[in-house]
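Source: prediction; values computed, not measured. Every chain is numbered from 1, with letters handed out A, B, ... down the list of sequences.
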Protein chains: 2
Amino acid sequence: MRYSNATNYALHTMVHLMLQPGGSSVGVQELAEMQHLSPTYLSKILTKLTKAGLIVSTPGAKGGYKISRTKHEISFLDVIHATEGDTSLFDCSIHHEGCLIENVMKQAEENMKKELESRLLIDIAKEVESKQKEG
Amino acid sequence: MRYSNATNYALHTMVHLMLQPGGSSVGVQELAEMQHLSPTYLSKILTKLTKAGLIVSTPGAKGGYKISRTKHEISFLDVIHATEGDTSLFDCSIHHEGCLIENVMKQAEENMKKELESRLLIDIAKEVESKQKEG
DNA sequence: GATATTAAAGACTCTTAATATCTGCGATAC
DNA sequence: GTATCGCAGATATTAAGAGTCTTTAATATC
Ligand code: SF4
Ligand code: SF4
């Protein structure tokens, strides 16, 4: 059980877009080069982020992707939901009434999600920025 | 990203074995029937649990599986580790020095594991037992 | 000791999901 | 109009999970 690589790429892309001065657009080929990916593959991931409303795409010449207006509210969990879907980690198909096992597993998962929801990408971006200025 | 079915089967098996009077052994075919599985498939899962020291196997005639001596200390996390391995959910192969993203993901995962570590199977087994007496 | 019973291990197939590429379409700037 | 770009669909390719079959080794019973 592991997060997909797409989630990793999505997180990096989001941070990168947040660091764009004035929230300007960046083309997929630049984002792909940065992460050593093929543009077509990354494009699929970016489409997911777009549909989730985390970034905004502008097609056509001089187009690209830019961070959404909700920039300061985007959490790690938002990105993960966009790439991984929002299904439960533990999904017993039977669902017995008042299942004790499911209870424990779901509660634990909730603990993880709470943390991921409380951590905002903007804070990471800011830290990265200040590190770059130092170095 | 989902827990494997094996983890579900393992959890059910563990609870079942804990409910055996006197911790007596149960054969794989009985455990398999209970969960509508093939004995050979379940056998692989049971071997993992055995190697993790959560259950004890006795081969040969009248053999089977019984719960380990550490019965009262076995947590959900122990079972999950046995079936899923103990690799991290978020595993970036690069591992940059002081990576901020990895930090957040690992911390969140830790929150989940803390909960899974604190929840003991024996408590679930006892609840199941008392429910059965009620019904 | 012979035999029946049972767990352990390895090879193997099947299915599914993730990964990745290629192609054509539609929107936009110039 | 044309070059540039994101979007969607089809299509490999790969990896992991799910599950079966067969053989081997250990044990109890007789
Ligand atoms: S007891 Fe819970 S986990 Fe087990 S089969 Fe029922 S619903 Fe699923
Ligand atoms: S910044 Fe962190 S997650 Fe990103 S490549 Fe480096 S180690 Fe991996």
> Given that both pair distances must be under 3.5 Å and the pair must be Watson-Crick or G-U, what runs of three or more consecutive pairs involve DNA chain D?
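Stems for DNA chain D, defined as runs of 3 or more consecutive pairs: C:1-30 with D:1-30.
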> Nearest 0.5 Å, please: how far is OG in B:Ser88 from OH in A:Tyr3?
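Going from OH on A:Tyr3 over to OG on B:Ser88, the span is 9.0 Å.
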> Could you tell me the boundaries of the chain B footprint on DNA chain D, defined by atoms under 4.0 Å from its heavy atoms?
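Counting from the 5' end, contacts occupy D:dA18 to D:dA28.
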> Is it the case that B:Gln107 and B:Asn103 place a side-chain donor and acceptor less than 3.5 Å from each other?
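No.
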> For C:dA9, does either OP1 or OP2 sit under 4.0 Å from a side-chain N or O belonging to B:Lys51?
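Yes, because at least one side-chain N or O of B:Lys51 sits under 4.0 Å from OP1 or OP2 of C:dA9.
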> Quick one: is C:dA9 close enough that its OP1 or OP2 comes under 4.0 Å of any side-chain N or O from B:Tyr41?
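B:Tyr41 to C:dA9 OP1/OP2: no side-chain N or O under 4.0 Å.
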> Which part of the nucleic acid, if any, lies within contact of A:Tyr3, taking any heavy atom under 4.0 Å across all strands shown: a base, the sugar-phosphate backbone alone, or nothing?
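Touches nothing.
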> Is any NZ, NE, NH1 or NH2 atom of the basic residue among A:Glu115 and A:Arg119 found under 4.0 Å from an Asp or Glu carboxylate oxygen of the other?
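A salt bridge links A:Glu115 with A:Arg119.
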> Below 4.0 angstrom, N of the basic side chain to O of the carboxylate: do A:Glu110 and A:Lys106 qualify?
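Judged by the 4.0 Å cut-off on N to carboxylate O distance, A:Glu110 and A:Lys106 do not form a salt bridge.
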> Do A:Ser57 and A:Thr50 get their side chains close enough for a donor-acceptor pair, meaning under 3.5 Å?
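Note: A:Ser57 and A:Thr50 side chains miss the donor-acceptor criterion.
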> Could you encode protein contacts along nucleotides 24-30 of chain C as a string, one character per nucleotide from 5' to 3', using B for base contact, S for sugar-phosphate-only contact and - for no contact, with a heavy-atom cut-off of under 4.0 Å?
---BBS-
> Looking at A:Lys133 and A:Glu129, is any side-chain nitrogen of the basic one under 4.0 Å from a carboxylate oxygen of the acidic one?
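A:Lys133 and A:Glu129: not salt-bridged.
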> Need to verify one output field. Residue with the more 5' nearest nucleotide on DNA chain D, A:Ser43 or B:Arg2?
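Mapping each residue to its closest nucleotide by heavy atoms, the 5'-most match is A:Ser43.
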> Could you check B:Thr50 against B:Met1 and say which one's nearest nucleotide on DNA chain C is further toward the 5' end?
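The 5'-side residue here is B:Thr50.
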> With no hydrogens and no angle check, just 3.5 Å: does a side-chain donor-acceptor pair link B:Glu117 and B:Ser75?
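Result is no, nothing qualifies.
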> Quick one: is C:dA8 close enough that its OP1 or OP2 comes under 4.0 Å of any side-chain N or O from B:Ser57?
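So the side-chain polar atoms of B:Ser57 do come within 4.0 Å of the phosphate oxygens OP1 or OP2 of C:dA8, strictly under.
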> Here's a test of your reading of the structure: between A:Ser4 and B:Gly63, which maps to the more 5' nucleotide of DNA chain C?
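Counting from the 5' end, the first nearest nucleotide belongs to B:Gly63.
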> So if you build clusters from Ile, Leu, Val, Met, Phe, Trp, Tyr with side-chain heavy-atom gaps below 4.5 Å, do B:Val79 and B:Val56 land together?
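Result: no, two separate clusters.
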> Find the distance between SG (B:Cys99) and CE (B:Met105) and round it off to the nearest 0.5 Å.
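If I round to the nearest 0.5 Å, the distance is 10.0 Å.
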> How long is the gap from OG1 on B:Thr13 to CG on B:Leu54, to the nearest 0.5 Å?
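Going from the OG1 atom of B:Thr13 to the CG atom of B:Leu54 covers 11.5 Å.
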